[in-house]
Amino acid sequence: MKLSVIGCGYLGAVHAASMAELGHEVVGIDVDADKIALLSAGKAPFFEPGLPEVLTSALASGRLRFSTELADAAGSEVHFVAVGTPQTRGSYAADLTYVDAAVDGLVPFLAEGDLVVGKSTVPVGTAERLAAKLAGTGASLAWNPEFLREGFAVKDTISPDRLVYGVPDGAAGERAKAQLDGVYAKALAEDTPLVVADYATAELVKVSANAFLATKISFINAMAEIAEVSGADVTKLADALGHDVRIGRRFLNAGVGFGGGCLPKDIRAFTARAEELGRGESVAFLKEVDAINLRRRDRVVDLVVDALGGQVHGRRVAVLGIAFKPNSDDVRDSPALDVAVRLHGLGASVASHDPEAMPNARRLHPQLGFAASADDALRGAEVAVLVTEWNEYRELTPEHAKELMAGTTIVDGRNVLDRDAWRAAGFHHVGLGRG
Ligand SMILES: NC(=O)c1ccc[n+]([C@@H]2O[C@H](COP(=O)([O-])OP(=O)(O)OC[C@H]3O[C@@H](n4cnc5c(N)ncnc54)[C@H](O)[C@@H]3O)[C@@H](O)[C@H]2O)c1
């Protein structure tokens with residue numbers, strides 16, 4: 001099928017390349033000329049495992065091209081809208097200006113029978129409003145939320161764990177479903193679960209999934225706060241809770257909390273939208289979920305300050321990790337970057353390191369100190385703090401750290417190091433929620 005993908009960021013670039021890899025003829029369109037130049041040259045504009053390979057192979061097949069012109073969407077049958085929906089400055093609500101601009105810009109290039117498919121995460125009610133913009137074009141609208149995880153985005157796009165279509169009633173809905181079935185023929189042939197619903201349900205599936213995941217993380221982080229004042233160990237608590245299959249162990253790792261371009265802004269946008277709908281109380285708990293999450297960043301900073309005896313100025317601190325999670329270079333609302341920036345703000349001499357996220361962090365916070373390697377960050381540090389659980393940091397041994405560091409305190413902001421081994425080697429190992 002002929003597809004266009006409007007917006008080639010973390011979601012759209014992967015979607016465009018993966019759809020071409022699956023055999024579709026795809027044009028990826030973005031207003032960012034630099035991004036389009038990189039993608040056209042087969043270079044991923046961000047770090048995502050597997051993306052360079054699918055980009056190269058899809059470009060070589062001739063089925064994938066990129067453009068800055070929305071006019072190049074003309075002739076495609078299905079148009080995916082994958083532009084950003086960031087938090088509005090000064091408000092919790094989602095900023096829908098990019099989604100509106102993309103749909104308004106597409107309208108002149110739509111033909112009878114085309115399908116516009118929203119992939120961006122939007123407040124419930126957005127699809128219905130956007131559908132009205134297509135009146136008179138002969139095109140219809142579907143909402144097909146995206147559940148990919150950065151770090152696994154290619155795999156999640158090619159083999160999703162479920163597909164959700166939000167479609168209109170009647171014949172238009174049946175046609176939209178048939179078109180989406182064509183796009184996702186391979187996944188459907190592999191028995192990927194499919195839920196076909198109305199627009200509102202499809203929109204809500206995405207935001208409620210993120211609300212649930214954020215709540216699970218903040219739940220265990222709330223238990224970590226209690227563990228800290230009661231002497232309990234939240235990691236053992238999580239193991240014990242996780243054996244209950246109704247609860248499950250995943251997303252129960254206490255630490256410095258969640259971040260990234262989705263969870264924080266999605267739970268905030270959800271509370272804003274619920275308030276607009278007169279049901280603010282239904283998701284008021286998400287404000288507490290957000291508050292618990294942000295308190296964990298304070299806690300990590302406090303632990304470092306305490307380890308330095310309250311005297312931070314000029315003291316060298318190694319910050320291991322900048323991305324909001326491993327296997328990504330995404331620093332949007334990253335707890336790790338936040339911790340580094342705050343320690344710098346307190347006067348610490350911060351040596352930050354991340355295998356992939358340093359260029360993004362340097363662009364936003366050139367004032368921070370960046371180290372070329374984890375070893376360089378650790379060299380001479382009085383305290384080290386692990387805030388993104390990249391494998392290379394998980395594998396760090398206390399013996400190696402001891403050779404490099406000036407001090408012997410490690411703050412394990414992700415609870416991934418073997419506390420007993422670090423303590424046995426003479427380190428003061430401080431975890432989160434561990435008594
Ligand atoms: N990143 C993820 O893991 C993920 C997962 C699921 C859903 N989402 C949702 O997908 C959407 C996109 O997220 P992202 O992380 O890819 O954001 P992003 O900021 O990386 O990408 C958005 C892209 O849209 C482009 N853009 C903006 N306006 C445009 C226009 N009018 N025409 C063409 N291009 C335009 C921007 O230049 C940018 O490249 C958001 O709603 C997000 O919540 C993201």
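Remember, it's 1-based here, ligands and their atoms both numbered in the order they're listed. Every heavy atom of this structure was used, including side-chain atoms; hydrogens, water molecules and symmetry mates were not.
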task: Validate the cation-pi geometry between R162 and F147: distance from NZ or CZ to the six-membered ring centre under 6.0 Å, angle to the ring axis within 45°.
output: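 Yes, cation above the ring, under 6.0 Å and within 45°.
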- prompt: Which of these, T121, V31, L70, has its nearest heavy atom closest to atom 7 (C) of ligand 1?
  reply: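 Closest candidate by heavy-atom distance is T121.
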- prompt: Considering S328, G261, A209, A102, which one's heavy-atom position lies nearest to atom 31 (N) of ligand 1?
  reply: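 Heavy atom nearest to atom 31 (N) of ligand 1 belongs to A102.
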- prompt: Applying a 4.0 Å heavy-atom criterion (strictly less than), which segment of L148 is in contact with ligand 1: side chain, backbone, both, or neither?
  reply: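 Answer for L148: both.
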task: Record the part of K35 in heavy-atom contact with ligand 1 below 4.0 Å; permitted values are side chain, backbone, both and neither.
output: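 Side chain only.
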- prompt: Quick check: are there more than 12 heavy atoms from other residues, nucleotides or ligands sitting under 6.0 Å from CZ of R279?
  reply: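 Open.
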Short list, please: which atoms of ligand 1 are under 4.0 Å from a heavy atom of [X]?
X: E150; result: 1 (N), 2 (C), 3 (O)
X: G84; result: 12 (C), 22 (C), 24 (O)
X: K265; result: 41 (O), 42 (C), 43 (O)
X: G9; result: 16 (O), 18 (P), 20 (O), 21 (O), 23 (C), 39 (O)
X: I6; result: 32 (N), 33 (C)
X: R332; result: 1 (N), 14 (P), 15 (O), 17 (O), 18 (P), 19 (O), 20 (O)
X: Y98; result: 27 (C), 28 (N)
X: G7; result: 24 (O), 25 (C), 33 (C), 34 (N)

- request: Answer yes or no for R149: is there a heavy-atom contact with ligand 1 below 4.0 Å?
  value: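 The answer is no: ligand 1 sits nowhere under 4.0 Å from a heavy atom of R149.
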query: Any non-hydrogen atom of A82 lying under 4.0 Å from ligand 1?
result: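 Contact check A82 vs ligand 1: positive.
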Consider every N or O of [X] and every N or O of ligand 1, then say whether any pair is closer than 3.5 Å.
X: K206; answer: no
X: E146; answer: no
X: D30; answer: yes
X: D32; answer: no
X: T85; answer: yes
X: L11; answer: yes

Considering non-hydrogen atoms of the protein only, which is the closest contact for [atom], and what is the distance?
atom: atom 20 (O) of ligand 1; answer: Y10 N, 3.1 Å
atom: atom 35 (C) of ligand 1; answer: V83 CG1, 3.4 Å
atom: atom 4 (C) of ligand 1; answer: C262 SG, 3.4 Å

Please tell me whether [X] and [Y] have a donor and an acceptor in their side chains that are separated by less than 3.5 angstrom.
X: K186; Y: T192; answer: no
X: R419; Y: N415; answer: no
X: E356; Y: S328; answer: no
X: H429; Y: D418; answer: no
X: D100; Y: T97; answer: no
X: D72; Y: S67; answer: yes
X: T235; Y: D233; answer: yes

Do [X] and [Y] sit within salt-bridge range, that is, some charged N less than 4.0 Å from a carboxylate O?
X: R295; Y: E225; answer: yes
X: E276; Y: R273; answer: yes
X: K325; Y: E389; answer: no

query: Under 6.0 Å between ring centres, would you say that holds for F80 and H15?
result: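 Yes; H15 has its ring centre under 6.0 Å from that of F80.
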task: Take Y393 and D412 through the side chain to side chain donor-acceptor pair (under 3.5 Å) test and state the conclusion after the steps.
output: CA-CA 10 Å; Y393 307 148; D412 184 357; over 6 Å; no
